[in-house]
Each structure stands twice: as C-alpha cells, then as structure tokens.
Amino acid sequence: MRLVILGGPGAGKGTQSHLLCQQFQIKEIATGNILRTALADTSSALGQQAREYVERGELVPDTTMIQLVRQHLTQLEVASGWLLEGYPRTAFQAEELDFLLDDLQQRLTKAIYIEVPDAVMLERSLTRARLDDTPDAIQRRIDAFHERTKPMLDYYAFRQYLLRVDGSQAIAQVQAEILKKLEV
Ligand code: AMP
C-alpha cells in the first residue's frame, strides 16, 4: 500500500494517517513533523533551511522538500509500503514524486483528499498549540492550500488516483469512509 494524504491545515491528515499506518502496517512519512523535529534541533541544516517558512506558515521550497522525500522513500523500512502525509503540496512536487516512484519502480496506490471547509480548518488549527499555529501562520497555510495544493488535486483526479472524503465527520466515520473508498 502506497498512499498520499492531502488536505488543508486541521483537516485531520495526521489523525487519519496514524490510523491507516496502524491498519496496514506501513511507514508514515509526515513532512510537517519531520520539519518541526528538524527545527527543534539547532544543529540541523534542514531545520535552518526550513525555519522561516514553517514559522510563517509558508511552503518550504520544492527543492528542499523533494530531496527530503527522496531520502525517506529510499530507506529500507519503507519497502513494504508507506504513507506520505502532507506531501506533495504543489504540482511540481507531485510530478517529481512520480519521477521518483518511476526510478524506484513503485506505483502509488491512491491519493486521499480530506476535504473540510475553511472555517473548520481555522477552528481546529486554533485549538492546537504547535509553534506554527499562530493565527497569521494558520491563515497563510489556508491560503497556500488554496493557491498551491488545491490545483494539484486535478493532477491526481485526472489520473484516477484521487479519493475524496468528507473530513468534517467524526474521526471514526472519516476512517470508515477512507477504508470503504480504498476498497479494503
Ligand atoms: P503540516 O504539519 O503538514 O501542516 O506542515 C507544517 C508546515 O511544514 C507547513 O506549513 C510548511 O511550512 C511545511 N511543509 C510541510 N509539508 C510541506 C510540503 N510538502 N511542501 C512545502 N512545505 C511543507
């Protein structure tokens, strides 16, 4: 099973990713978490490169992200399957992921899009206490989602990879909808 899980801030990507990774025993690669861990480590070059973007709620440049994902997808422990959480987020990242998967002779199973209205993104993000959850940063992340990530969904829809689920339901219902649509 090789999945990408997409959605705006507060859509429930993290929660659903954990559940799916437990269910299928696959490795979770959550780019936002990897970046936050790097930020906390003052000696991390990745943390230094990414800090200003993550703290402001802007997208980290594609070149940095593509390199990071390549590093993780070429590790042995992901050989039996993986889930990318919060990646890709731009059309360029989506294309580069395809090139990488071609190189690795792997094929994506599905791209899951957890859809929620902006008001839900805002409300859920405001109740968390992450360093990049300040009101300004949250608004920028919502804007980045609309400007950069949403147009990318067509890329997966056109190629029949996209599953849309209603993320405003309860956690268990969202999970049930994902499993049903994955036909497992
Ligand atoms: P997340 O936890 O997925 O909401 O990501 C938190 C932050 O990490 C984002 O606001 C971006 O600054 C950065 N980030 C995570 N994934 C990506 C990505 N695929 N492309 C660019 N920036 C990313």
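Remember, predicted model here, so these are calculated numbers, not experimental data. Every number for a ligand or one of its atoms is a count from 1 in the order of the listing.
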- [ ] Number the atoms of ligand 1 from 1 as they appear, then name those within less than 4.0 Å of a heavy atom of D132, with their elements.
- [x] 6 (C), 7 (C)

Task: Main-chain N/O of L122 paired to Q139 side chain as donor or acceptor, under 3.5 Å - done: no

Task: Region of R36 that comes within reach of ligand 1 [heavy atoms, distance under 4.0 Å] - done: side chain

Task: ligand 1 N/O within reach of N33 N/O, cut-off under 3.5 Å - done: no

Task: Proximal atoms of ligand 1 relative to V54 (non-hydrogen, under 4.0 Å) - done: 8 (O), 12 (O)

Open item on the list: Determine whether a donor-acceptor pair (N or O, by modelled atom type, separation under 3.5 Å) exists between the side chain of T64 and the backbone of V60.
Closed with: no

TODO: Using distance alone, determine whether V60 and ligand 1 share an N or O pair under 3.5 Å.
DONE: yes

TODO: Look only at interatomic distance and state if G86 has a nitrogen or oxygen under 3.5 Å from any nitrogen or oxygen of ligand 1.
DONE: yes

Open item on the list: Going by the closest heavy atom to atom 15 (C) of ligand 1, which one wins out of R89, E55, R141, R140?
Closed with: R89

Open item on the list: Same cluster or not: I142 versus Y113, using hydrophobic residues (I, L, V, M, F, W, Y) connected whenever any side-chain heavy atoms lie under 4.5 Å apart?
Closed with: yes

TODO: Using a strict 4.0 Å cut-off to heavy atoms of E58, name the atoms of ligand 1 that fall inside it.
DONE: 11 (C), 12 (O)

Open item on the list: For ligand 1, which is the ligand I care about here, please tell me if T31 has any N or O atom under 3.5 Å from one of the ligand's N or O atoms.
Closed with: yes

Task: R130 near ligand 1 by a heavy-atom separation under 4.0 Å - done: yes

Open item on the list: Is the terminal nitrogen or CZ of R51 (NZ for Lys, CZ for Arg) located under 6.0 angstrom from the six-membered ring centre of Y53 and within 45° of that ring's axis?
Closed with: no

Task: Q75 side chain vs Q71 backbone, donor-acceptor pair below 3.5 Å - done: yes

- [ ] Report, as yes or no, whether the 6.0 Å neighbourhood of atom CD1 on I171 holds more than 12 heavy atoms from other residues, nucleotides or ligands.
- [x] no

Open item on the list: Using a 6.0 Å cut-off, check whether atom NZ of K180 has over 12 heavy atoms from anything other than its own residue.
Closed with: no

Task: For atom 20 (N) of ligand 1, closest protein heavy-atom neighbour - done: Q93 NE2, 3.0 Å

TODO: Enumerate the atoms of ligand 1 whose separation from the nearest heavy atom of L35 is less than 4.0 angstrom.
DONE: 8 (O), 13 (C), 14 (N), 15 (C)

Task: Enclosure of F92 CZ (heavy-atom neighbours >12, cutoff 6.0 Å) - done: no

